[in-house]
Amino acid sequence: MTETGSHYSELYAAYAAGTLDPGLALLVETQGALRQDVRDAVASSEAAAGVFLEAEEGSPMAADALDRVFAAIDAAGTVEVSHTGAATGESNEIERLPAPVAKLAREAHARSGWKRPARGISRLNLDIGSDARVELYRIQPGATVPRHTHGAQEYTLVLAGGYSDATGSYGPGDLAVKGPEDTHVPVGDEGEVCYALIIHGGLRLTGAMGIVQRLLGR
């Protein structure tokens, strides 16, 4: 299942206009890699943005503008990323994820590796310059993410496998949006390992785990 509404139209419009936060832009690109209807919605938004752009009056460019663009491209060069030390199973799973996330996950693993906040749960910080936290979660079948609420909106896009909570079950391509008023306990579905891209402003644990979180200042 997936939550829908005009909010998504606003996301697609902002993405087409190039004004979307990097974390949410990654979310749109990744969901588009999984779902044709999202690709169609983005294409429609891009077409609409193109119409408005054509209606704008042009501004003159500097005489050396093109030379400066090519110089910047040459200066950027190519960065080689080492994959040494990655767990074989997790590395193979990452390679099967949608391309926008797979590339970033390989780079993030080379930088800092997986964190293990709970039994059966792994978390990888993608760190792409977003104002929000952008993380890849790996949830083993039957594993439980501790009960939590959120400091801001939380966007959860399932990439592989699935999870369930009190609101329903979510599979590949499904997007769930939760707010500060929502408390939930995601549990990995049986069968395939669940991978989820999560964009959020910080999880707030509840109950005993919440007390520990506050004592540690996290």
*Asks:* Can you see whether Glu29 engages Tyr15 through a side-chain donor-acceptor pair at a distance of less than 3.5 angstrom?
*Replies:* yes
*Asks:* Do Asp182 and Thr149 come close enough that some side-chain heavy atom pair is under 4.5 Å?
*Replies:* no
*Asks:* Let me confirm one number: the CG-CZ distance from Leu34 to Arg39, rounded to the nearest 0.5 Å.
*Replies:* 8.5 Å
*Asks:* If you round to the nearest 0.5 Å, how far is CG of Leu136 from OG1 of Thr30?
*Replies:* 10.0 Å
*Asks:* For residues Ser122 and Arg116, report the shortest heavy-atom separation together with the two atoms involved.
*Replies:* OG-NH1, 2.5 Å
*Asks:* Could you please spell out the steps behind the side chain to side chain contact (heavy atoms under 4.5 Å, CB included) verdict for Glu95 and Arg106?
*Replies:* CA-CA 9 Å; Glu95 293 304 321; Arg106 290 193 299 267; 3.0 Å; yes
*Asks:* Are side-chain heavy atoms of His184 and Glu154 found at a separation under 4.5 Å?
*Replies:* yes
*Asks:* Give the minimum heavy-atom separation between Pro141 and Gly191, together with the two atoms involved.
*Replies:* CG-O, 3.1 Å
*Asks:* Within the 4.5 Å heavy-atom criterion, are Arg138 and Val193 side-chain neighbours or not?
*Replies:* yes
*Asks:* Grab the two heavy atoms, one from Ala108 and one from Leu124, that are nearest each other, plus how far apart they are.
*Replies:* CB-CG, 3.9 Å
*Asks:* Locate the shortest heavy-atom distance separating Pro186 from His148; write the atom from each residue and the value.
*Replies:* CD-CE1, 3.8 Å
*Asks:* So how far is it from Arg35 CZ to Asp40 CG, rounded to the nearest 0.5 Å?
*Replies:* 11.0 Å
*Asks:* Going only through I, L, V, M, F, W and Y residues with side-chain contacts under 4.5 Å, is there a path from Leu27 to Ile128?
*Replies:* yes
*Asks:* Report yes or no: do Tyr12 and Glu10 form a side-chain donor-acceptor pair below 3.5 Å?
*Replies:* no
*Asks:* Please confirm whether the backbone N or O of Pro146 pairs with a side-chain atom of Thr144, one donor and one acceptor, at under 3.5 Å?
*Replies:* no
*Asks:* I need the minimum non-hydrogen distance between Ala143 and Gly120, along with the two atoms involved.
*Replies:* CB-O, 3.6 Å
*Asks:* Within the structure provided, determine whether Ser164 and Glu190 are in side-chain contact (heavy-atom separation under 4.5 Å).
*Replies:* no
*Asks:* Is it the case that the side chain of Arg133 and the backbone of Gly201 share a donor-acceptor pair, with hydrogens and angles ignored and the cut-off at 3.5 Å?
*Replies:* no
*Asks:* Any side-chain heavy atom of Tyr163 sitting closer than 4.5 Å to one from Val158?
*Replies:* yes
*Asks:* Within the structure provided, determine whether Tyr155 and Ile198 are in side-chain contact (heavy-atom separation under 4.5 Å).
*Replies:* no
*Asks:* Heavy atoms, side chains only, cut-off 4.5 Å: are Leu197 and Val134 in contact?
*Replies:* yes
*Asks:* Would you confirm whether Arg111, through its side chain, and Leu126, through its main-chain N or O, come within 3.5 Å as a donor-acceptor pair?
*Replies:* yes
*Asks:* What do the steps show when you test Leu157 against Asp174 for side chain to side chain contact (heavy atoms under 4.5 Å, CB included), and what is the final call?
*Replies:* CA-CA 6 Å; Leu157 173 64; Asp174 285 347; over 6 Å; no
*Asks:* Can you name the nearest heavy-atom pair linking Ile94 to Ala102, along with the distance?
*Replies:* O-CB, 3.4 Å
*Asks:* Quick check for you: to the nearest 0.5 Å, what is the distance between Leu24 atom CG and Ser130 atom OG?
*Replies:* 6.5 Å
*Asks:* With no hydrogens and no angle check, do the side chains of Thr183 and Lys178 hold a donor and an acceptor under 3.5 Å apart?
*Replies:* no
*Asks:* Within this structure, what is the CG-CG distance for the pair Asn125 and Leu104, rounded to the nearest 0.5 Å?
*Replies:* 11.0 Å
*Asks:* To the nearest 0.5 Å, tell me how far Tyr195 OH sits from Glu93 CD.
*Replies:* 3.5 Å
*Asks:* Once salt bridge (charged side-chain N to carboxylate O under 4.0 Å, His left out) is applied, what residue pairs with a partner in residues 120-132 remain, sequence neighbours excluded?
*Replies:* Arg123-Glu135
*Asks:* Under a single-linkage definition using a 4.5 Å side-chain heavy-atom cutoff for Ile, Leu, Val, Met, Phe, Trp and Tyr, are Tyr170 and Val187 assigned to the same hydrophobic cluster?
*Replies:* no
*Asks:* Would you say Pro98 and Leu159 make side-chain contact, with heavy atoms under 4.5 Å?
*Replies:* yes
